[in-house]
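Remarks on the structure that follows.
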Number of protein chains: 2
Amino acid sequence: MDQLTSSNHAIGILDSGVGGLTVVKEVFRQLPQETVVYFGDTRRCPYGPRSTEEVRQFTLEIVHFLMRFPLKALVIACNTATAAALELIREQVDIPVLGVIEPGARAAIKASKNGRIGVIGTQGTIQSAAYEKTLKRIHPDLYVVSHACPALVPLVESGVGPTEQAYRIVETSLAPMKGQDVDSLILGCTHYPLIADLIGKVMGEQVTLISSAEETARELSVVLNHKRLLAESKQPAGQFTHQFFTSGEPEGFRRIAERWLGMPIKVEQAELEPVVTTGVPGV
Amino acid sequence: MDQLTSSNHAIGILDSGVGGLTVVKEVFRQLPQETVVYFGDTRRCPYGPRSTEEVRQFTLEIVHFLMRFPLKALVIACNTATAAALELIREQVDIPVLGVIEPGARAAIKASKNGRIGVIGTQGTIQSAAYEKTLKRIHPDLYVVSHACPALVPLVESGVGPTEQAYRIVETSLAPMKGQDVDSLILGCTHYPLIADLIGKVMGEQVTLISSAEETARELSVVLNHKRLLAESKQPAGQFTHQFFTSGEPEGFRRIAERWLGMPIKVEQAELEPVVTTGVPGV
(Lines give C-alpha, C1' and ligand atoms only; values in the text may rest on other atoms or scores of the structure.)
Protein backbone atom coordinates (compact mmCIF):
# COMPACT_ATOMS: atom_id res chain seq x y z
CA MET A 1 0.00 0.00 0.00
CA ASP A 2 1.29 3.40 -1.02
CA GLN A 3 1.39 5.57 2.09
CA LEU A 4 2.54 8.70 0.26
CA THR A 5 0.11 11.39 -0.80
CA SER A 6 -0.47 11.24 -4.54
CA SER A 7 -2.26 13.45 -7.05
CA ASN A 8 -4.57 10.49 -7.75
CA HIS A 9 -5.91 10.56 -4.21
CA ALA A 10 -9.33 11.98 -3.40
CA ILE A 11 -10.43 15.16 -1.65
CA GLY A 12 -12.32 14.59 1.60
CA ILE A 13 -15.17 17.04 2.20
CA LEU A 14 -17.27 17.13 5.35
CA ASP A 15 -20.27 19.03 6.63
CA SER A 16 -22.90 18.84 9.33
CA GLY A 17 -25.35 17.85 6.60
CA VAL A 18 -26.10 18.80 3.00
CA GLY A 19 -24.83 22.42 3.05
CA GLY A 20 -21.30 21.36 2.11
CA LEU A 21 -22.64 20.09 -1.20
CA THR A 22 -22.40 23.70 -2.43
CA VAL A 23 -18.63 23.27 -2.04
CA VAL A 24 -18.74 19.86 -3.79
CA LYS A 25 -20.62 21.42 -6.70
CA GLU A 26 -17.94 24.11 -7.04
CA VAL A 27 -15.13 21.52 -6.82
CA PHE A 28 -16.82 19.56 -9.64
CA ARG A 29 -17.13 22.78 -11.68
CA GLN A 30 -13.68 24.28 -11.06
CA LEU A 31 -11.66 21.05 -10.69
CA PRO A 32 -13.49 18.50 -12.87
CA GLN A 33 -10.59 16.02 -12.75
CA GLU A 34 -10.73 15.58 -8.98
CA THR A 35 -12.44 12.79 -7.00
CA VAL A 36 -14.45 13.58 -3.87
CA VAL A 37 -15.32 11.58 -0.74
CA TYR A 38 -18.08 13.40 1.17
CA PHE A 39 -19.45 12.91 4.66
CA GLY A 40 -22.60 14.73 5.84
CA ASP A 41 -23.46 14.32 9.52
CA THR A 42 -27.18 14.69 8.80
CA ARG A 43 -28.24 12.72 11.86
CA ARG A 44 -26.64 15.28 14.20
CA CYS A 45 -27.34 18.37 12.06
CA PRO A 46 -27.47 21.32 12.81
CA TYR A 47 -24.12 22.02 14.49
CA GLY A 48 -24.94 25.74 14.97
CA PRO A 49 -26.52 25.53 18.45
CA ARG A 50 -24.03 22.94 19.83
CA SER A 51 -21.09 23.67 22.12
CA THR A 52 -17.63 24.19 20.64
CA GLU A 53 -16.41 21.06 22.42
CA GLU A 54 -19.17 18.94 20.90
CA VAL A 55 -18.61 20.31 17.38
CA ARG A 56 -14.89 19.57 17.76
CA GLN A 57 -15.59 16.02 18.83
CA PHE A 58 -18.02 15.42 15.93
CA THR A 59 -15.58 16.90 13.41
CA LEU A 60 -12.79 14.67 14.72
CA GLU A 61 -15.00 11.62 14.33
CA ILE A 62 -15.78 12.50 10.70
CA VAL A 63 -12.10 13.18 9.94
CA HIS A 64 -11.23 9.83 11.49
CA PHE A 65 -13.77 8.16 9.18
CA LEU A 66 -12.59 10.01 6.05
CA MET A 67 -8.88 9.37 6.70
CA ARG A 68 -9.48 5.67 6.00
CA PHE A 69 -9.58 6.67 2.33
CA PRO A 70 -6.44 7.73 0.46
CA LEU A 71 -6.88 11.52 0.65
CA LYS A 72 -4.66 14.35 -0.55
CA ALA A 73 -6.64 17.19 1.11
CA LEU A 74 -9.51 17.74 3.54
CA VAL A 75 -12.16 20.46 3.31
CA ILE A 76 -14.25 21.37 6.34
CA ALA A 77 -17.21 22.66 4.33
CA CYS A 78 -19.17 23.92 7.33
CA ASN A 79 -18.69 27.33 8.90
CA THR A 80 -19.50 26.19 12.43
CA ALA A 81 -17.07 23.23 12.26
CA THR A 82 -14.40 25.44 10.68
CA ALA A 83 -14.71 27.99 13.48
CA ALA A 84 -14.55 25.27 16.15
CA ALA A 85 -12.11 22.70 14.80
CA LEU A 86 -9.94 23.89 11.88
CA GLU A 87 -6.78 24.43 13.92
CA LEU A 88 -7.26 21.17 15.81
CA ILE A 89 -7.65 19.15 12.60
CA ARG A 90 -4.64 20.88 11.03
CA GLU A 91 -2.56 19.67 13.96
CA GLN A 92 -3.92 16.14 13.64
CA VAL A 93 -3.43 15.23 9.98
CA ASP A 94 -0.49 15.63 7.63
CA ILE A 95 -2.43 16.64 4.50
CA PRO A 96 -3.61 20.20 3.75
CA VAL A 97 -6.82 21.10 5.58
CA LEU A 98 -9.04 23.92 4.30
CA GLY A 99 -11.94 25.54 6.05
CA VAL A 100 -14.54 27.82 4.49
CA ILE A 101 -13.77 30.90 6.58
CA GLU A 102 -10.30 31.87 5.33
CA PRO A 103 -11.29 31.66 1.63
CA GLY A 104 -14.36 33.84 2.23
CA ALA A 105 -12.34 36.35 4.24
CA ARG A 106 -9.61 36.57 1.60
CA ALA A 107 -12.11 37.01 -1.22
CA ALA A 108 -13.84 39.81 0.70
CA ILE A 109 -10.50 41.57 1.25
CA LYS A 110 -9.85 41.34 -2.48
CA ALA A 111 -13.34 42.54 -3.42
CA SER A 112 -13.71 45.41 -0.96
CA LYS A 113 -12.68 48.84 -2.19
CA ASN A 114 -13.81 50.81 0.88
CA GLY A 115 -12.54 48.40 3.58
CA ARG A 116 -16.06 47.90 5.04
CA ILE A 117 -17.06 44.24 5.06
CA GLY A 118 -20.28 42.58 6.25
CA VAL A 119 -20.58 39.01 7.51
CA ILE A 120 -23.81 37.03 7.94
CA GLY A 121 -23.98 33.52 9.37
CA THR A 122 -25.54 31.26 11.98
CA GLN A 123 -25.52 32.27 15.63
CA GLY A 124 -22.62 29.86 16.30
CA THR A 125 -20.45 31.25 13.51
CA ILE A 126 -21.14 34.90 14.37
CA GLN A 127 -20.60 34.32 18.12
CA SER A 128 -17.23 32.69 17.42
CA ALA A 129 -16.17 35.93 15.63
CA ALA A 130 -14.07 33.67 13.39
CA TYR A 131 -14.54 35.79 10.27
CA GLU A 132 -13.73 39.00 12.10
CA LYS A 133 -10.58 37.47 13.63
CA THR A 134 -9.42 36.07 10.28
CA LEU A 135 -10.10 39.34 8.44
CA LYS A 136 -8.29 41.44 11.05
CA ARG A 137 -5.36 39.06 11.35
CA ILE A 138 -4.64 39.69 7.66
CA HIS A 139 -5.79 43.33 7.54
CA PRO A 140 -6.12 45.02 10.96
CA ASP A 141 -7.66 48.27 9.63
CA LEU A 142 -10.82 46.74 8.16
CA TYR A 143 -14.26 47.71 9.46
CA VAL A 144 -16.22 44.48 9.96
CA VAL A 145 -19.90 44.27 10.83
CA SER A 146 -21.27 40.80 11.68
CA HIS A 147 -24.86 39.74 12.10
CA ALA A 148 -26.50 36.39 12.84
CA CYS A 149 -29.47 35.54 10.59
CA PRO A 150 -31.20 32.55 12.27
CA ALA A 151 -34.24 32.83 9.96
CA LEU A 152 -32.33 32.16 6.74
CA VAL A 153 -31.37 28.45 7.09
CA PRO A 154 -35.01 27.48 7.79
CA LEU A 155 -36.03 29.61 4.80
CA VAL A 156 -33.62 27.71 2.54
CA GLU A 157 -34.64 24.35 3.96
CA SER A 158 -38.32 25.13 3.40
CA GLY A 159 -37.48 25.12 -0.30
CA VAL A 160 -39.62 28.21 -0.91
CA GLY A 161 -38.98 30.20 -4.10
CA PRO A 162 -38.32 33.94 -4.42
CA THR A 163 -41.77 34.93 -3.16
CA GLU A 164 -42.80 38.28 -1.70
CA GLN A 165 -42.85 36.63 1.75
CA ALA A 166 -39.34 35.20 1.32
CA TYR A 167 -38.10 38.63 0.24
CA ARG A 168 -39.53 40.16 3.41
CA ILE A 169 -37.83 37.54 5.63
CA VAL A 170 -34.47 38.26 3.97
CA GLU A 171 -35.09 42.02 4.19
CA THR A 172 -35.83 41.80 7.93
CA SER A 173 -32.81 39.55 8.54
CA LEU A 174 -30.46 41.92 6.73
CA ALA A 175 -31.90 45.17 8.14
CA PRO A 176 -28.91 45.70 10.52
CA MET A 177 -26.55 45.44 7.51
CA LYS A 178 -28.21 48.27 5.62
CA GLY A 179 -26.82 51.76 6.20
CA GLN A 180 -23.45 50.31 7.28
CA ASP A 181 -21.93 51.20 3.89
CA VAL A 182 -20.39 47.74 3.43
CA ASP A 183 -19.36 47.04 -0.17
CA SER A 184 -18.80 43.28 0.32
CA LEU A 185 -20.98 40.80 2.16
CA ILE A 186 -19.65 37.37 3.16
CA LEU A 187 -22.31 34.66 2.98
CA GLY A 188 -20.88 32.91 6.06
CA CYS A 189 -23.08 29.83 5.86
CA THR A 190 -23.03 27.22 3.13
CA HIS A 191 -26.83 27.44 2.83
CA TYR A 192 -26.92 31.11 1.84
CA PRO A 193 -25.66 30.85 -1.77
CA LEU A 194 -28.99 29.16 -2.52
CA ILE A 195 -30.84 32.43 -1.80
CA ALA A 196 -28.10 34.70 -3.15
CA ASP A 197 -30.56 36.32 -5.60
CA LEU A 198 -32.83 37.46 -2.78
CA ILE A 199 -29.88 38.64 -0.65
CA GLY A 200 -28.48 40.57 -3.62
CA LYS A 201 -31.84 42.21 -4.27
CA VAL A 202 -32.08 43.38 -0.65
CA MET A 203 -28.46 44.61 -0.40
CA GLY A 204 -28.37 46.28 -3.83
CA GLU A 205 -26.00 45.73 -6.71
CA GLN A 206 -23.22 47.92 -5.27
CA VAL A 207 -22.57 45.18 -2.68
CA THR A 208 -20.45 42.19 -3.80
CA LEU A 209 -21.70 38.90 -2.34
CA ILE A 210 -18.94 36.46 -1.38
CA SER A 211 -19.83 32.77 -1.60
CA SER A 212 -17.60 30.60 0.58
CA ALA A 213 -18.30 27.61 -1.67
CA GLU A 214 -16.83 29.18 -4.83
CA GLU A 215 -13.89 30.64 -2.94
CA THR A 216 -13.04 27.44 -1.09
CA ALA A 217 -12.89 25.46 -4.33
CA ARG A 218 -10.65 28.17 -5.80
CA GLU A 219 -8.36 28.04 -2.75
CA LEU A 220 -8.25 24.24 -2.89
CA SER A 221 -6.98 24.60 -6.45
CA VAL A 222 -4.18 26.92 -5.24
CA VAL A 223 -3.12 24.63 -2.40
CA LEU A 224 -3.13 21.45 -4.52
CA ASN A 225 -1.22 23.25 -7.25
CA HIS A 226 1.51 24.44 -4.90
CA LYS A 227 1.82 20.96 -3.39
CA ARG A 228 1.92 19.55 -6.94
CA LEU A 229 -1.14 17.46 -6.12
CA LEU A 230 -3.61 18.58 -8.82
CA ALA A 231 -5.08 15.58 -10.67
CA GLU A 232 -3.36 15.48 -14.05
CA SER A 233 -6.14 13.69 -15.85
CA LYS A 234 -9.57 12.25 -15.25
CA GLN A 235 -9.45 8.78 -13.71
CA PRO A 236 -10.47 6.06 -16.20
CA ALA A 237 -14.21 5.32 -16.04
CA GLY A 238 -14.93 2.93 -13.22
CA GLN A 239 -12.04 4.15 -11.10
CA PHE A 240 -13.37 7.73 -11.06
CA THR A 241 -16.01 7.35 -8.41
CA HIS A 242 -17.16 10.05 -6.05
CA GLN A 243 -18.40 8.64 -2.76
CA PHE A 244 -21.06 10.13 -0.49
CA PHE A 245 -21.71 9.07 3.09
CA THR A 246 -24.29 10.27 5.58
CA SER A 247 -24.90 9.47 9.23
CA GLY A 248 -28.62 9.90 8.59
CA GLU A 249 -31.19 8.54 6.19
CA PRO A 250 -29.44 7.99 2.82
CA GLU A 251 -32.47 8.22 0.54
CA GLY A 252 -33.41 11.77 1.53
CA PHE A 253 -29.76 12.82 1.29
CA ARG A 254 -29.49 11.33 -2.18
CA ARG A 255 -32.56 13.20 -3.45
CA ILE A 256 -31.30 16.58 -2.23
CA ALA A 257 -27.73 15.92 -3.40
CA GLU A 258 -28.77 14.83 -6.91
CA ARG A 259 -30.97 17.90 -7.30
CA TRP A 260 -28.13 20.25 -6.23
CA LEU A 261 -25.35 18.50 -8.10
CA GLY A 262 -27.42 17.73 -11.19
CA MET A 263 -26.05 14.19 -11.48
CA PRO A 264 -26.89 10.72 -10.14
CA ILE A 265 -24.87 9.68 -7.09
CA LYS A 266 -24.64 6.73 -4.74
CA VAL A 267 -25.08 7.41 -1.01
CA GLU A 268 -24.19 5.06 1.82
CA GLN A 269 -25.10 5.28 5.44
CA ALA A 270 -22.07 5.16 7.73
CA GLU A 271 -21.63 4.90 11.47
CA LEU A 272 -19.08 7.14 13.15
CA GLU A 273 -16.98 5.86 16.01
CA PRO A 274 -16.00 7.83 19.11
CA VAL A 275 -12.44 9.12 18.79
CA VAL A 276 -9.89 10.33 21.27
CA THR A 277 -7.84 13.29 20.10
CA THR A 278 -4.69 11.31 19.43
CA GLY A 279 -6.51 8.63 17.45
CA VAL A 280 -6.62 10.29 14.05
CA PRO A 281 -4.64 8.37 11.43
CA GLY A 282 -2.18 10.17 9.19
CA VAL A 283 -0.40 11.97 12.05
CA MET B 1 22.14 34.69 10.65
CA ASP B 2 18.82 32.88 10.69
CA GLN B 3 18.67 30.68 7.60
CA LEU B 4 15.09 29.51 8.22
CA THR B 5 12.15 31.12 6.48
CA SER B 6 10.20 33.30 8.89
CA SER B 7 6.90 35.18 8.70
CA ASN B 8 8.91 38.38 9.23
CA HIS B 9 10.75 37.92 5.95
CA ALA B 10 9.89 39.95 2.88
CA ILE B 11 8.15 39.04 -0.38
CA GLY B 12 10.36 39.36 -3.46
CA ILE B 13 8.52 40.69 -6.53
CA LEU B 14 10.12 41.02 -9.97
CA ASP B 15 9.12 42.34 -13.37
CA SER B 16 10.69 43.41 -16.64
CA GLY B 17 9.92 46.99 -15.61
CA VAL B 18 7.12 48.89 -13.90
CA GLY B 19 4.16 46.64 -14.83
CA GLY B 20 4.66 44.43 -11.75
CA LEU B 21 3.86 47.43 -9.58
CA THR B 22 0.18 46.59 -10.19
CA VAL B 23 0.89 43.42 -8.19
CA VAL B 24 2.76 45.39 -5.52
CA LYS B 25 -0.20 47.74 -5.18
CA GLU B 26 -2.54 44.79 -4.65
CA VAL B 27 -0.17 43.19 -2.11
CA PHE B 28 -0.13 46.49 -0.18
CA ARG B 29 -3.95 46.60 -0.34
CA GLN B 30 -4.74 42.95 0.46
CA LEU B 31 -1.76 42.17 2.74
CA PRO B 32 -0.90 45.48 4.40
CA GLN B 33 1.34 43.84 7.02
CA GLU B 34 3.77 42.41 4.47
CA THR B 35 7.10 43.86 3.36
CA VAL B 36 8.11 43.91 -0.32
CA VAL B 37 11.47 43.90 -2.12
CA TYR B 38 10.90 44.76 -5.79
CA PHE B 39 13.17 44.53 -8.79
CA GLY B 40 12.21 46.04 -12.17
CA ASP B 41 14.54 45.27 -15.07
CA THR B 42 13.69 48.59 -16.76
CA ARG B 43 16.99 48.74 -18.64
CA ARG B 44 16.21 45.53 -20.57
CA CYS B 45 12.42 46.06 -20.81
CA PRO B 46 10.37 44.88 -22.71
CA TYR B 47 10.82 41.12 -22.37
CA GLY B 48 7.95 40.37 -24.80
CA PRO B 49 9.99 40.20 -28.05
CA ARG B 50 12.99 38.36 -26.51
CA SER B 51 13.75 34.66 -26.83
CA THR B 52 12.62 32.25 -24.11
CA GLU B 53 16.26 31.47 -23.32
CA GLU B 54 17.09 35.13 -22.81
CA VAL B 55 14.02 35.78 -20.62
CA ARG B 56 14.98 32.75 -18.52
CA GLN B 57 18.51 34.03 -18.08
CA PHE B 58 17.33 37.54 -17.11
CA THR B 59 14.80 36.12 -14.64
CA LEU B 60 17.47 33.93 -13.04
CA GLU B 61 19.74 36.95 -12.62
CA ILE B 62 16.98 38.91 -10.88
CA VAL B 63 16.13 35.97 -8.62
CA HIS B 64 19.81 35.66 -7.75
CA PHE B 65 19.84 39.34 -6.78
CA LEU B 66 16.61 39.13 -4.73
CA MET B 67 17.64 35.95 -2.87
CA ARG B 68 20.32 37.98 -1.06
CA PHE B 69 17.46 39.36 1.03
CA PRO B 70 15.66 37.22 3.62
CA LEU B 71 12.59 36.26 1.56
CA LYS B 72 9.65 34.01 2.37
CA ALA B 73 8.13 34.01 -1.14
CA LEU B 74 8.88 35.13 -4.69
CA VAL B 75 6.39 36.56 -7.19
CA ILE B 76 7.22 36.67 -10.89
CA ALA B 77 4.94 39.62 -11.66
CA CYS B 78 5.48 39.51 -15.42
CA ASN B 79 3.49 37.30 -17.79
CA THR B 80 6.37 36.80 -20.22
CA ALA B 81 8.82 35.81 -17.45
CA THR B 82 6.21 33.55 -15.84
CA ALA B 83 5.61 31.74 -19.12
CA ALA B 84 9.34 31.31 -19.74
CA ALA B 85 10.84 30.72 -16.30
CA LEU B 86 8.31 29.79 -13.56
CA GLU B 87 9.11 26.08 -13.49
CA LEU B 88 12.86 26.72 -13.66
CA ILE B 89 12.76 29.13 -10.72
CA ARG B 90 10.56 26.75 -8.71
CA GLU B 91 13.25 24.11 -9.11
CA GLN B 92 15.97 26.54 -8.07
CA VAL B 93 14.74 28.05 -4.80
CA ASP B 94 13.23 26.51 -1.69
CA ILE B 95 10.60 29.16 -1.00
CA PRO B 96 7.16 29.32 -2.69
CA VAL B 97 7.30 30.90 -6.15
CA LEU B 98 4.16 32.39 -7.70
CA GLY B 99 3.65 33.51 -11.26
CA VAL B 100 0.81 35.64 -12.59
CA ILE B 101 -0.58 33.05 -15.02
CA GLU B 102 -1.95 30.39 -12.64
CA PRO B 103 -3.85 32.92 -10.48
CA GLY B 104 -5.44 34.50 -13.55
CA ALA B 105 -6.36 31.10 -14.99
CA ARG B 106 -7.90 29.92 -11.73
CA ALA B 107 -9.91 33.12 -11.28
CA ALA B 108 -11.25 32.78 -14.83
CA ILE B 109 -12.30 29.18 -14.17
CA LYS B 110 -14.12 30.37 -11.05
CA ALA B 111 -15.77 33.30 -12.84
CA SER B 112 -16.83 31.57 -16.06
CA LYS B 113 -20.32 30.14 -16.13
CA ASN B 114 -20.33 29.07 -19.80
CA GLY B 115 -16.79 27.61 -19.95
CA ARG B 116 -15.70 30.06 -22.70
CA ILE B 117 -12.67 32.10 -21.65
CA GLY B 118 -10.75 34.80 -23.52
CA VAL B 119 -7.08 35.67 -23.00
CA ILE B 120 -5.32 38.81 -24.20
CA GLY B 121 -1.61 39.48 -23.77
CA THR B 122 1.64 40.38 -25.46
CA GLN B 123 2.82 38.43 -28.49
CA GLY B 124 5.30 36.48 -26.31
CA THR B 125 2.68 35.45 -23.77
CA ILE B 126 0.09 34.45 -26.36
CA GLN B 127 2.65 32.54 -28.46
CA SER B 128 3.75 30.55 -25.39
CA ALA B 129 0.11 29.41 -24.98
CA ALA B 130 0.84 29.39 -21.24
CA TYR B 131 -2.67 30.46 -20.22
CA GLU B 132 -4.32 27.92 -22.49
CA LYS B 133 -2.08 25.13 -21.16
CA THR B 134 -2.70 26.09 -17.54
CA LEU B 135 -6.46 26.41 -18.06
CA LYS B 136 -6.73 23.05 -19.83
CA ARG B 137 -4.47 21.25 -17.38
CA ILE B 138 -6.98 22.08 -14.65
CA HIS B 139 -10.13 21.91 -16.81
CA PRO B 140 -9.69 20.10 -20.17
CA ASP B 141 -13.18 20.91 -21.50
CA LEU B 142 -12.83 24.70 -21.53
CA TYR B 143 -13.05 26.67 -24.76
CA VAL B 144 -10.15 29.14 -24.77
CA VAL B 145 -9.63 31.91 -27.32
CA SER B 146 -6.33 33.81 -27.12
CA HIS B 147 -5.33 36.96 -28.93
CA ALA B 148 -2.19 39.12 -28.88
CA CYS B 149 -2.83 42.86 -28.54
CA PRO B 150 0.50 44.55 -29.36
CA ALA B 151 -1.11 48.01 -29.52
CA LEU B 152 -2.23 48.05 -25.89
CA VAL B 153 1.08 48.32 -23.97
CA PRO B 154 2.15 51.37 -26.05
CA LEU B 155 -1.32 52.84 -25.42
CA VAL B 156 -0.88 52.46 -21.64
CA GLU B 157 2.67 53.77 -21.74
CA SER B 158 1.58 56.84 -23.72
CA GLY B 159 -0.43 57.79 -20.61
CA VAL B 160 -3.42 58.81 -22.74
CA GLY B 161 -6.81 59.05 -20.98
CA PRO B 162 -10.08 57.39 -22.03
CA THR B 163 -10.38 59.40 -25.27
CA GLU B 164 -12.41 58.50 -28.34
CA GLN B 165 -9.16 57.56 -30.10
CA ALA B 166 -8.04 55.30 -27.23
CA TYR B 167 -11.45 53.62 -27.30
CA ARG B 168 -11.05 52.91 -31.03
CA ILE B 169 -7.58 51.36 -30.51
CA VAL B 170 -8.95 49.05 -27.80
CA GLU B 171 -12.00 48.24 -29.95
CA THR B 172 -9.79 47.28 -32.92
CA SER B 173 -7.45 45.23 -30.69
CA LEU B 174 -10.33 43.29 -29.16
CA ALA B 175 -12.33 42.79 -32.38
CA PRO B 176 -11.34 39.08 -32.68
CA MET B 177 -12.68 38.53 -29.12
CA LYS B 178 -16.14 39.82 -29.94
CA GLY B 179 -18.68 37.27 -31.15
CA GLN B 180 -16.75 34.45 -29.39
CA ASP B 181 -19.30 34.39 -26.57
CA VAL B 182 -16.61 34.44 -23.87
CA ASP B 183 -17.96 35.40 -20.44
CA SER B 184 -14.54 35.96 -18.80
CA LEU B 185 -11.54 37.77 -20.23
CA ILE B 186 -8.08 37.35 -18.68
CA LEU B 187 -6.00 40.54 -18.82
CA GLY B 188 -2.81 38.57 -19.46
CA CYS B 189 -0.41 41.49 -19.16
CA THR B 190 0.26 43.52 -16.03
CA HIS B 191 -0.23 46.75 -18.02
CA TYR B 192 -3.84 46.05 -18.97
CA PRO B 193 -5.56 46.68 -15.62
CA LEU B 194 -4.69 50.35 -16.16
CA ILE B 195 -7.09 50.49 -19.14
CA ALA B 196 -9.63 48.07 -17.67
CA ASP B 197 -12.42 50.67 -17.99
CA LEU B 198 -11.91 50.94 -21.75
CA ILE B 199 -11.63 47.16 -22.16
CA GLY B 200 -14.81 46.65 -20.13
CA LYS B 201 -16.66 49.22 -22.25
CA VAL B 202 -15.66 47.43 -25.46
CA MET B 203 -16.42 43.90 -24.19
CA GLY B 204 -19.69 44.79 -22.44
CA GLU B 205 -20.72 44.26 -18.84
CA GLN B 206 -21.65 40.59 -19.31
CA VAL B 207 -17.91 39.79 -19.60
CA THR B 208 -15.96 39.50 -16.32
CA LEU B 209 -12.45 40.99 -16.58
CA ILE B 210 -9.78 39.06 -14.67
CA SER B 211 -6.85 41.11 -13.37
CA SER B 212 -3.76 39.00 -12.73
CA ALA B 213 -2.53 41.56 -10.20
CA GLU B 214 -5.52 41.22 -7.86
CA GLU B 215 -5.59 37.47 -8.22
CA THR B 216 -1.87 36.98 -7.64
CA ALA B 217 -2.01 38.93 -4.38
CA ARG B 218 -5.00 36.82 -3.32
CA GLU B 219 -3.14 33.61 -4.17
CA LEU B 220 -0.03 34.82 -2.32
CA SER B 221 -2.24 35.21 0.74
CA VAL B 222 -3.41 31.58 0.39
CA VAL B 223 0.10 30.19 -0.02
CA LEU B 224 1.59 32.17 2.88
CA ASN B 225 -1.34 31.19 5.08
CA HIS B 226 -0.95 27.48 4.38
CA LYS B 227 2.80 27.71 5.02
CA ARG B 228 2.03 29.65 8.23
CA LEU B 229 4.11 32.52 6.88
CA LEU B 230 1.60 35.41 6.94
CA ALA B 231 3.03 38.43 8.76
CA GLU B 232 1.33 38.53 12.15
CA SER B 233 1.74 42.25 12.69
CA LYS B 234 3.16 45.31 11.03
CA GLN B 235 6.89 45.67 11.55
CA PRO B 236 7.75 48.50 13.95
CA ALA B 237 8.32 51.81 12.12
CA GLY B 238 11.85 51.95 10.78
CA GLN B 239 12.08 48.19 10.33
CA PHE B 240 9.09 48.11 7.98
CA THR B 241 10.77 49.25 4.80
CA HIS B 242 9.77 48.28 1.31
CA GLN B 243 12.71 48.32 -1.07
CA PHE B 244 12.62 49.05 -4.80
CA PHE B 245 15.45 48.36 -7.22
CA THR B 246 15.72 49.03 -10.94
CA SER B 247 18.38 48.19 -13.50
CA GLY B 248 17.53 51.44 -15.28
CA GLU B 249 17.28 55.08 -14.38
CA PRO B 250 15.93 55.29 -10.79
CA GLU B 251 14.38 58.76 -10.94
CA GLY B 252 11.92 57.94 -13.74
CA PHE B 253 11.04 54.66 -12.04
CA ARG B 254 10.39 56.44 -8.75
CA ARG B 255 8.03 58.97 -10.37
CA ILE B 256 5.92 56.28 -12.05
CA ALA B 257 5.95 54.03 -8.95
CA GLU B 258 4.91 56.81 -6.58
CA ARG B 259 2.05 57.80 -8.86
CA TRP B 260 0.78 54.20 -9.12
CA LEU B 261 1.31 53.27 -5.49
CA GLY B 262 0.17 56.60 -4.08
CA MET B 263 3.01 56.76 -1.56
CA PRO B 264 6.61 57.99 -1.41
CA ILE B 265 9.23 55.29 -2.00
CA LYS B 266 13.00 55.01 -2.23
CA VAL B 267 14.46 53.53 -5.42
CA GLU B 268 18.01 52.30 -5.89
CA GLN B 269 19.79 51.39 -9.07
CA ALA B 270 21.26 47.87 -8.98
CA GLU B 271 23.55 45.94 -11.27
CA LEU B 272 22.68 42.35 -12.06
CA GLU B 273 25.40 39.75 -12.37
CA PRO B 274 25.51 36.92 -14.91
CA VAL B 275 24.37 33.65 -13.30
CA VAL B 276 24.85 30.04 -14.18
CA THR B 277 21.82 27.86 -13.54
CA THR B 278 23.25 26.19 -10.44
CA GLY B 279 24.29 29.47 -8.85
CA VAL B 280 21.02 30.51 -7.23
CA PRO B 281 21.24 30.66 -3.44
CA GLY B 282 18.60 29.01 -1.29
CA VAL B 283 18.76 25.66 -3.11
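Keep in mind that the numbers below use all heavy atoms, side chains included, and drop hydrogens, waters and symmetry copies. Order of the sequence lines sets the chain letters (A, B, ...), proteins ahead of strands, with each chain counted from 1.
- Of all heavy-atom pairs between B/H191 and B/G19, the closest is CE1-CA, 4.3 Å.
- For the pair A/R116 (side chain) and A/L142 (backbone), a donor-acceptor distance under 3.5 Å is absent.
- Contact tally against chain A (heavy-atom pairs below 4.5 Å) for B/R106, B/R137, B/E232, B/E215: the top residue is B/R106.
- A distance below 6.0 Å separates the ring centres of A/H242 and A/F28.
- The greatest number of non-hydrogen atom pairs below 4.5 Å with chain A, out of B/R90, B/Q30, B/H139, B/R218, is found for B/R218.
- The choice from B/L224, B/V222, B/V97 that makes the most heavy-atom pairs within less than 4.5 Å of chain A is B/V222.
- Both the backbone and the side chain of A/R29 come within contact range of chain B, each with at least one heavy atom under 4.5 Å from a heavy atom of that chain.
- Contacts of A/E102 with chain B are made by side-chain atoms alone, with heavy-atom separations under 4.5 Å and no backbone atom involved.
- Of the listed residues A/L31, A/V223, A/L230, the one with more heavy-atom pairs under 4.5 angstrom with chain B than any other is A/V223.
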Mind running side-chain contact (heavy atoms from CB on, under 4.5 Å) on B/E219 and B/E214 for me, showing each step along the way?
CA-CA 9 Å; B/E219 209 147 296; B/E214 277 185 23; over 6 Å; no

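- Side-chain contact between B/T5 and B/D94 is absent, with no heavy-atom pair separated by less than 4.5 Å.
- Among the candidates A/A107, A/S112, A/A217, the residue making the largest number of heavy-atom pairs closer than 4.5 Å to chain B is A/A107.
- Side chain to side chain, B/T82 and B/Y131 fail the donor-acceptor criterion of an N or O pair below 3.5 Å.
- Proximity of A/V207 to A/D183: side-chain heavy atoms (C-beta onward) are nowhere separated by under 4.5 Å.
- The most heavy-atom pairs under 4.5 Å with chain B, out of A/R228, A/K227, A/E26, come from A/R228.
- Interface remark: A/H226 contributes side-chain atoms only to the contact with chain B (heavy atom separation under 4.5 Å).
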